[in-house]
Amino acid sequence: MKNTRGKIEWFGGNADALQVYQALVDLSHTWDDLVDKDKDVSEADINRAFLICLVYLQTNPFYRQIQDRVIPMWVSVISAYETANKFEKDKDEHGIEIAHVLRYAAGHVVTYMVHVCVGAEKASEIMPEVWKTMVPERIDDYRKEHLDA
């Protein structure tokens with residue numbers, strides 16, 4: 001699988017921002033596995049998810065700097081993810097195409113983080129790489145997984 005750990009350059013050398021990104025990647029994988037039930041989630045994985053939410057993000061200086069601006073974004077992210085889950089369960093072809101986009105809604109929080117760290121001009125240069133890293137799954141593979149399963 002493609003490396004989804006991110007690059008310090010995306011965040012202008014801000015190690016705290018990179019740690020937030022990596023925590024969000026870890027959290028999203030656990031969240032997805034808990035909902036999809038397609039992979040075993042260990043007790044340690046669940047405990048780590050709660051540590052990320054309740055401790056690591058809350059004590060990270062970069063996240064504390066942006067949290068008031070991203071909390072409203074999380075409402076949309078969670079709504080998008082819930083909708084994607086419904087489309088997956090319904091096995092509707094159009095819904096599956098939409099779900100593939102909605103599953104990666106948290107990427108908008110990350111793009112905001114990149115903009116904060118490097119500014120709009122630099123962000124526009126690196127955003128294609130950021131999005132390709134955040135969305136490693138191709139639509140054809142996603143369709144096969146959810147429509148042919």
Side-chain angles (χ1 to χ4, degrees), residues 1-11 16-58 60 62-63 65-118 120 122-149:
M1 175 183 237
K2 190 174 185 177
N3 176 13
T4 58
R5 300 305 295 167
K7 295 181 178 179
I8 192 77
E9 296 82 23
W10 294 354
F11 305 102
D16 292 329
L18 179 61
Q19 284 179 336
V20 169
Y21 171 79
Q22 292 170 339
L24 294 176
V25 168
D26 290 346
L27 182 61
S28 66
H29 288 301
T30 301
W31 184 9
D32 181 66
D33 293 341
L34 285 168
V35 171
D36 287 351
K37 299 175 181 63
D38 58 350
K39 294 181 187 167
D40 287 335
V41 181
S42 71
E43 195 174 297
D45 292 334
I46 295 168
N47 289 336
R48 178 163 170 71
F50 276 90
L51 280 169
I52 289 169
C53 292
L54 300 172
V55 179
Y56 300 152
L57 291 177
Q58 302 305 314
N60 179 288
F62 179 77
Y63 191 78
Q65 173 191 339
I66 65 165
Q67 75 180 8
D68 289 344
R69 289 170 292 207
V70 297
I71 287 173
M73 295 171 76
W74 286 122
V75 174
S76 295
V77 168
I78 292 167
S79 175
Y81 192 69
E82 289 172 337
T83 302
N85 292 332
K86 173 144 181 30
F87 283 145
E88 288 175 359
K89 287 180 181 119
D90 291 347
K91 303 284 185 190
D92 171 79
E93 284 194 46
H94 185 212
I96 292 297
E97 293 167 358
I98 296 167
H100 184 258
V101 174
L102 295 177
R103 289 175 51 82
Y104 296 102
H108 294 285
V109 173
V110 176
T111 63
Y112 176 73
M113 291 169 50
V114 172
H115 278 261
V116 167
C117 290
V118 300
K122 179 68 176 171
S124 68
E125 293 173 20
I126 62 176
M127 209 49 67
E129 177 188 10
V130 173
W131 273 110
K132 278 191 170 184
T133 302
M134 288 188 299
V135 185
E137 186 174 34
R138 304 294 298 265
I139 184 68
D140 290 340
D141 296 330
Y142 184 77
R143 285 176 54 81
K144 285 178 192 170
E145 177 186 349
H146 294 284
L147 292 175
D148 298 340

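Reckoned from all heavy atoms, side chains included, excluding hydrogens, waters and symmetry mates.
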ask   = Aromatic rings Tyr81 and Trp31: how do their planes relate, parallel, tilted or perpendicular, breaks at 30° and 60°?
value = tilted
Got a sec, which residues hit side chain to side chain donor-acceptor pair (under 3.5 Å) with [X], two or more places apart in sequence or on another chain?
X     : result
Asp36 : none
Trp74 : Tyr63
Lys86 : Asp90

Measure the [atom1]-[atom2] distance between [X] and [Y] for me, rounded to the nearest 0.5 Å.
X      : Y      : atom1 : atom2 : value
Ile71  : Ile66  : CD1   : CD1   : 10.0 Å
Lys144 : Ile139 : NZ    : CD1   : 11.5 Å
Asp141 : His100 : CG    : NE2   : 8.0 Å
Ile98  : His94  : CD1   : NE2   : 3.5 Å
Leu24  : Ile52  : CG    : CD1   : 8.0 Å
Asp45  : Lys39  : CG    : NZ    : 11.0 Å

query = Do the two ring centres, one from Trp131 and one from Tyr104, sit under 6.0 Å apart?
reply = no
task = Compute the ring centroids of Tyr142 and His146, then answer whether they are less than 6.0 Å apart.
result = yes
task = Could you check Arg48 against Asp26 for side chain to side chain contact (heavy atoms under 4.5 Å, CB included), going step by step and ending with a plain yes or no?
result = CA-CA 9 Å; Arg48 178 163 170 71; Asp26 290 346; 2.9 Å; yes
message = I'd like to know if the side chain of Ser79 reaches the main chain of Val75, judged simply by a donor and an acceptor atom lying under 3.5 Å from each other, with no hydrogens or angles considered.
response = no
ask   = Hey, is the main chain of His108 close enough, under 3.5 Å, to the side chain of Thr111 for a donor-acceptor pair?
value = yes
When you compare the side chain of [Y] with that of [X], does any pair of heavy atoms fall below 4.5 Å?
X      : Y      : result
Val70  : Tyr112 : yes
Thr133 : Tyr21  : yes
Gln67  : Gln58  : yes
Arg69  : Gln65  : yes
Ile46  : Leu34  : yes
Gln19  : Asn60  : yes

key: Verdict with supporting geometry, Met134 and Val110, side chain to side chain contact (heavy atoms under 4.5 Å, CB included)   = CA-CA 9 Å; Met134 288 188 299; Val110 176; 3.5 Å; yes
Give the minimum heavy-atom separation between [X] and [Y], together with the two atoms involved.
X      : Y      : result
Phe62  : Cys117 : CE1-SG, 3.5 Å
Ala80  : Leu102 : O-CB, 3.5 Å
Met113 : Val20  : CE-CG1, 3.6 Å
Ala49  : Thr30  : CB-CG2, 4.0 Å
Gly95  : Asp92  : N-OD2, 2.5 Å
Ala105 : Val77  : O-CG2, 3.7 Å

key: Atom CD of Glu137: over 12 foreign heavy atoms under 6.0 Å   = yes
Glu43, CD atom: more than 12 neighbouring heavy atoms under 6.0 Å = no
task = Assess whether side chain to side chain contact (heavy atoms under 4.5 Å, CB included) is satisfied between Trp10 and Leu18, documenting all intermediate values.
result = CA-CA 8 Å; Trp10 294 354; Leu18 179 61; 5.9 Å; no
message = Any salt bridge linking Arg103 with Asp32? Criterion: basic side-chain nitrogen under 4.0 Å from a carboxylate oxygen.
response = yes
inquiry  = Does this structure show an ion pair linking Lys132 with Glu129, if we count only N-O contacts that are shorter than 4.0 Å?
reply    = no
task = Using the side chain to side chain contact (heavy atoms under 4.5 Å, CB included) rule, pick out the option among Val114, Ile126, Val116 that qualifies with Phe11.
result = Val114
